[in-house]
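Step one of this worksheet: look at the structure below.
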Amino acid sequence: MSQEPIHFPFALDERLWFFGGKVAHIPIASAADFSFALDEGMLSLTASDDPVDQWSYFFSSSDIVGIKVNCRLGLGRSTSPALVAAIAEKLTAIGVPSDRIIVWDRRNADLSECGFQLSTRSGAMRCFGVEDVFEEEIEEAGEIAGRFSMIDSRLCTAMISVPFLRQHPIEGIDGCVHNLFDGLENAHKLNASVSATIAAEFLSMRPVREKWRLGIMECEGSLLLSADPVALDSAGLAQLNRRPEMQGKPQLECSWLETAQDLGLGLIQ
Amino acid sequence: MNEPDSQHISRRDFVKAAAGTACAMAGVASAETPASLPASSPASFPTSDESFVREASYWTPYEGDLTAVRCRLCPHHCIVPERERGLCGVRECRDGRLVTLVYGRACKAVVVPIEERNLWHFLPGERTLTVAAAGCNLSCRGCNEWQFSQSSPDFQGTISADPGSILQVARTSECDVLAFGITEPVVAWEWLKDCLIEARGAGMKTVLSTNGYLAGDALSELIPHLSAVKVDLKGFNDDYYQTYCMGRLEPVLETILALKKGGVWLEIAWPVVPGGNDKEDEAVAAAKWILDKLGRDVPLHFLRHDPAYRLKHVPETSRRSLTLLRKLCMREGLHHVYVHGVDDHEGRKTYCPSCLLPVVLRSANRIESGIDKGRCGACHSPIAGVWKAPTIQLGTGSESVV
């Protein structure tokens, strides 16, 4: 494919016209497969076989790209540094300077524990926790009211959510949307909420909706990629429900997905 | 009490500076030339302080097959998955056990007259050391302290405040009363309980300023160690509690009843939000309930809404509305109904229910009391409360103790 790559500095709902409902599902055997799996996944999403073209659909060299990882549960149960390195490699290949790639999570200590090298040095990929740098003003949506981290609201111009997909006792899954809760100062109000719509409300919030570009999830020996957060989390949910240990058990449910779809934030796969 | 490490500041400055750079770049049409973000010292990363972490009380293992717990401290009964927190933001599941993150971790400590805690019948003018930890189990839309209550302790300044050091500060500050308030004290239950026990053991009075959202057994453990409590009654209908506070009314009423039964001096505060909980019939229903369940001598305070947080757009409560609510509740038979936030209002005075003369006058910096040994100076009828010397000169504003 030699078509001119299109850059989409758009809000989520506009990109969905092109990518809504699409989820790439690539099996992986080891960390060595991440780079190849990303290429395959992007081919599936964009129909372009040129890695530079593929990533240019979503990012430009002028972007400051946030990679939100989830290191809460420690090594082995969190986002793999090797996967993040592979993503960063793809971004630098399209001209995003490495010091404009920001790997972030809630806490510095969690990042360190999972093998990420904390850094704010220029000339290298940045990596740090949100800690205590928040906007002065609150953002609101439905039940949610909170201050966004400046990493979310100002520093980054584009965001990739890279969670480690797992089951969640309240929301069904801890996927690409739940992962982004950490950008809010009072993420605990969302994590513990039993509201069936809280994740959809969160996804509709301006800093989240405007910065969202891609979700990439490692799950049960495969990599899921999508530009549609609703499709990606619904695919993750389906994958968790297919696990052998779920046989004969009640299926996990993510009630917010339908609300999100109704709000035009994505398409359930 | 120690201030947080200074290293925290330099990394914060980095992100702020970097965010500013990013904003500036966003406004430049030709953003093809990448700008370098400012750098800070690599040594400037704070790590979480584990010294305030203790195993929590009141939790049970989660009944599902995931690593999680169910917190039972308050009526929310939050399911807390591994490494996540409950709605309060200060209780976290770690390795399948619930821990508190704020044992001895205060975010604010000030010396103020006890009136600041909305207790007007308990040792008027008494210098009170008030201590607060970050967090709250409700999410009230009009919270005046939302920067502390709705946030997480990780993002607040930290004052190391174990029970012993609190007592020491109280002594140094010449305070005979230790209060917990500003944020919601009950979410720091383990620390709160130990501080109350220690303070009472040292002969101090102990005060709580709370939303009353606490499980009955956890409350029962605190009651023997409490001298006085102010409970916020945010309204008198469950819909309002659910919509404006993310809580329920019934557990708050149960807390109030338990405190009364436990013999703790009790006052009730009602923050009046225009268009929210300022309905006359609701206030009358509350007054009837107080009269019936608690008696006519429990003071009720109507607090003027101060636009803040999610209710910034809602104007201050009118003087007329506060006056009307007060009159309606007094007409129901309550003896002591007060108005806060309005200067020169008759609802700032305490009247003797027998001779109807004013027995306590309150101004911004002075309290004049005509109560002698708990009785009206004119007719000698008892005035409900815990009273002290007749005239009290208040300090101006609060004194920070850190």
Of all the heavy-atom pairs spanning [X] and [Y], show the shortest one and how long it is.
X      : Y      : answer
B:P81  : A:H168 : CG-NE2, 3.5 Å
A:I170 : B:I79  : CD1-O, 3.5 Å
A:A192 : B:G86  : CB-C, 3.7 Å

Checked A:H178, A:R166, A:E245 vs chain B; the most non-hydrogen pairs under 4.5 Å come from A:H178
Most heavy-atom pairs under 4.5 Å with chain B, out of A:N186, A:L190, A:L184, belong to A:N186
Contact class of [X] relative to chain B, heavy atoms under 4.5 angstrom:
X      : value
A:I144 : backbone
A:E137 : side chain
A:R106 : side chain

Original post:
Charged N to carboxylate O below 4.0 Å: is that the case for A:R107 and B:E92?
Top reply: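 Judged by the 4.0 Å cut-off on N to carboxylate O distance, A:R107 and B:E92 do form a salt bridge.
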Contact part of B:L66 toward chain A, heavy-atom cut-off under 4.5 Å: side chain, backbone, both or neither?
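Contact with chain A: side chain only.
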Cut-off 4.5 Å, heavy atoms of chain A, and the answer for B:C71 is neither
Looking only at B:V90, B:L87, B:T243, most heavy-atom pairs under 4.5 Å shared with chain A are made by B:L87
Hey, are the side chains of [X] and [Y] touching, using non-hydrogen atoms and a 4.5 Å cut-off?
X      : Y      : result
B:Q150 : A:E185 : no
B:E82  : A:L73  : yes
A:D174 : B:E84  : yes
A:V133 : B:F155 : no

- request: Determine whether more than 12 heavy atoms belonging to other residues, nucleotides or ligands lie under 6.0 Å from atom CD of B:E55.
  value: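 Counting neighbours around CD of B:E55, more than 12 heavy atoms of other residues, nucleotides or ligands fall under 6.0 Å, so yes.
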Practice problem: Might you confirm whether atom CD of A:E253 has over 12 heavy atoms from other residues, nucleotides or ligands at distances under 6.0 Å? | Solution: no
Rounded to the nearest 0.5 Å, what separation is found between the [atom1] atom of [X] and the [atom2] atom of [Y]?
X      : Y      : atom1 : atom2 : result
A:C71  : B:R83  : SG    : CZ    : 11.5 Å
A:R147 : B:S151 : CZ    : OG    : 6.5 Å
B:C136 : A:K189 : SG    : NZ    : 5.5 Å

Quiz item: Which residues from residues 306-316 of chain B are near chain A, with near meaning under 4.5 Å between non-hydrogen atoms?
Solution: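 So far as heavy atoms go, B:Y309, B:R310, B:K312 are the residues that approach chain A to under 4.5 Å.
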key: Contacts of B:Y213 that satisfy side chain to side chain donor-acceptor pair (under 3.5 Å) - sequence neighbours left out   =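 Scan of B:Y213 (side chain to side chain donor-acceptor pair (under 3.5 Å), adjacent residues dropped) gives none.
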